[in-house]
Amino acid sequence: MNFLFRQFCIRLARKFYSRTLVAILFITWAGAQNAAAAWIKDLNQNTPVCTAKNDQYFPNLTSDGAGGVIVVWQDTRHGNQDVFAQRVSAEGEMLWMENGVAICGLPSHQSWPLIITDQTGGAIIIFRDSRHGNQDVYAQRISADGQLLWDEGGVPVCVDRSFQDDVDAIPNGSGGAIIVWEDWRHGNQDIYAQCIDGNGKSVWTQNGVPVNRSEGHQYDCVLTADGSGGAIFAWWNLTPDWNVFAQRLNAKGETVWDAEGIPVCVAPGNQGAPLIVADNEGGAFFVWSDYRNAPSPFSISADLFAQRINAEGNVLWETDGISVCNQPSNQQQPAGVSDGAGGLIVAWWDERDIFSDIYAQRVSPEGVMMWEMNGIPVCAAGGEQRNPGCVPDGSQGAVVYWLDYREDFGNTTADAIYAQRIDPNGKSLWPLNGIPICTADGNQITPQASPDGQGGAFIIWSDGRTDEPDIYIHRAP
């Protein structure tokens with residue numbers, strides 16, 4: 001392809017006898033070469049997204065709908081916490097301003113940004129904001145060419161005088177977003193949500209509608225689309241044991257299931273940290289860490305359990321869930337995605353071999369474990385592996401990624417980020433124990449990923465190879 005293009009340039013230049021044309025076409029050809037080679041393959045270097053002064057943390061990313069991604073992060077280049085974004089092409093080119101464009105640069109603090117696609121090539125960015133003295137939730141929309149589309153400084157999602165925290169969001173299917181958070185307006189921690197349309201206008205009640213206001217506190221709410229313009233939510237209650245509950249809101253923000261939510265798991269012992277994945281039939285899968293088999297109330301040994309609930313709120317599997325992994329050790333931090341065939345793939349870190357490794361399991365729509373009992377090893381290398389995440393590979397498998405400490409036993413600094421691709425049968429498609437994503441010095445933290453549409457993934461992280469953490473990205477494999 002490159003050779004043919006160069007020959008075309010030369011022949012066209014000879015035809016018009018123009019040295020100027022030769023120069024122009026050669027520059028175009030050279031630019032194509034550079035674009036193709038924009039990704040830095042050296043894993044001690046990687047491709048920088050932002051190396052501005054001071055610290056950059058907590059990156060997140062979403063597809064740009066054109067083979068690349070839009071990235072957002074928390075940035076302190078101006079002395080306070082701001083939010084910046086960058087678009088990265090499939091070839092690894094930075095398409096917007098060097099070191100990113102400001103999403104919100106007010107003198108107050110903006111932090112912990114999330115990003116979701118607006119389904120038209122741009123993105124909606126949600127962040128926490130202290131402009132009114134307490135922590136509120138704001139949002140901004142950015143176009144494919146890096147232009148801010150809503151009010152300067154963003155639009156309010158919730159500006160109640162209480163405290164809002166632990167935000168999550170999904171596209172609403174019509175160019176807007178559904179956003180959920182923990183809310184203290186009634187003196188305890190409740191769950192509230194809001195829908196905003198493509199123009200940044202609130203669709204539901206100002207400052208959000210309650211998802212759950214039960215007695216006690218509600219924590220760690222996550223959500224997924226219900227396929228009808230609404231969402232399904234999951235969280236855990238502290239009343240007094242930890243139990244997992246769920247609720248569905250329709251496109252109008254009205255509760256569809258029981259007012260207090262329906263129990264996902266209220267088994268003896270504690271259950272927490274739920275994961276939720278749409279089942280693509282209007283319902284959802286739920287996975288959580290479960291202490292029902294722990295040897296004592298103070299044990300840190302958790303199993304993984306799962307449940308499926310349909311669109312009407314009916315539990316489809318055993319009451320209180322089915323076991324995904326019940327090894328007599330500790331299983332934590334489940335991450336999961338749809339398998340593209342009606343089931344789901346779950347990854348987690350597992351201490352069955354003393355040091356934590358990464359394991360995974362595929363669960364059918366009927367709740368049958370499709371791989372080895374208690375999961376298959378994704379990475380069982382020496383040292384610790386933690387903080388798994390996964391994205392679908394588009395072929396009923398998944399790309400799993402994690403922080404890896406294999407070269408430094410007992411050290412709290414991650415030596416590297418690794419990834420592995422697993423096919424629908426549980427076979428690893430990349431080298432044993434995964435491929436390195438970043439092996440640079442310093443601490444790599446908070447990796448996030450987005451599918452690349454070709455069986456791999458874009459992986460981004462905050463990188464401490466210098467005294468001031470920066471944002472880097474790599475395309476795997």
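The figures here come from the full heavy-atom set of this structure, side chains too, leaving out hydrogens, waters and symmetry mates. By convention here, the first residue in the shown sequence is residue 1.
- Smallest separation of non-hydrogen atoms from Val287 and Pro334: CG1-CB, 3.9 Å.
- Between the side chains of Thr51 and Asp470, no donor-acceptor pair of N or O atoms lies under 3.5 Å.
- With values rounded to the nearest 0.5 angstrom, Ile191 atom CD1 is found 8.5 Å from Asp220 atom CG.
- Atom-to-atom distance recorded for Ile124:CD1 and Ile178:CD1 is 11.0 Å, nearest 0.5 angstrom.
- Once rounded to the nearest 0.5 Å, the distance linking CG of Asn46 with CD1 of Ile473 reads 10.0 Å.
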Just do the salt bridge (Lys or Arg N to Asp or Glu O under 4.0 Å) check on Asp393 and Arg421 with the steps written out, would you? CA-CA 8 Å; Asp393 71 351; Arg421 183 181 177 189; 2.9 Å; yes
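- Looking at heavy atoms from C-beta onward, Val277 lies in side-chain contact with Leu275 at the 4.5 angstrom threshold.
- The shortest non-hydrogen separation linking Asp82 to Phe84 is CB-CE1, 3.9 Å.
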Run the side-chain contact (heavy atoms from CB on, under 4.5 Å) check on Trp288 and Gln307 step by step: do they pass? CA-CA 9 Å; Trp288 62 91; Gln307 182 59 272; 3.8 Å; yes
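- Using modelled atom types, one finds a donor on one side chain and an acceptor on the other under 3.5 Å when comparing Arg141 with Thr120.
- A donor-acceptor contact closer than 3.5 angstrom links the side chains of Trp184 and Gln189.
- A salt bridge does not link Asp190 to Arg185: none of the charged side-chain nitrogens sits closer than 4.0 Å to a carboxylate oxygen.
- Side chain to side chain, Trp349 and Gln333 meet the donor-acceptor criterion of an N or O pair below 3.5 Å.
- Using a 4.0 Å cut-off between charged nitrogen and carboxylate oxygen, Arg465 and Asp441 do not count as a salt-bridge pair.
- No donor-acceptor contact under 3.5 angstrom links the side chains of Thr76 and Gln81, judged on distance only.
- Taken from CH2 in Trp461 to CD1 in Ile459, the straight-line distance is 7.5 Å, to the nearest 0.5 Å.
- Judged purely by distance below 3.5 Å, without hydrogens or angles, the side chains of Gln164 and Gln135 never pair a donor atom with an acceptor atom.
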Could you walk me through whether Leu148 and Ile103 satisfy the side-chain contact (heavy atoms from CB on, under 4.5 Å) test, starting with their C-alpha distance in whole Å, then the side-chain angles of each, then the deciding distance to 0.1 Å, before giving a yes or no? CA-CA 7 Å; Leu148 302 185; Ile103 300 302; 3.8 Å; yes
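- Remark: Arg248 is not positioned above the aromatic ring of Phe233, lacking an NZ or CZ atom under 6.0 angstrom from the ring centre and at most 45 degrees off the axis.
- Under a cutoff of 6.0 Å and an axis angle of 45°, Arg128 and Tyr138 do not form a cation-pi pair.
- Neither side chain, Gln448 nor Thr446, offers a donor N or O lying under 3.5 Å from an acceptor on the other.
- The minimum heavy-atom distance between Pro365 and Gly343, with the atom names listed, is CG-N, 3.9 Å.
- No cation-pi contact links Arg213 to Tyr192, judged by a cut-off of 6.0 Å to the six-membered ring centre and 45° from its axis.
- Between the CD atom in Gln271 and the CG atom in Leu304 there is a gap of 12.0 Å [rounded to 0.5 Å].
- Between the side chains of Gln110 and Asp129, at least one donor N or O sits under 3.5 Å from an acceptor N or O.
- Distance check, rounded to the nearest 0.5 Å: CG of Asp183 to SG of Cys158 gives 5.0 Å.
- Side-chain contact of Ser356 with Arg386: a donor-acceptor pair under 3.5 Å is present, judged by distance alone.
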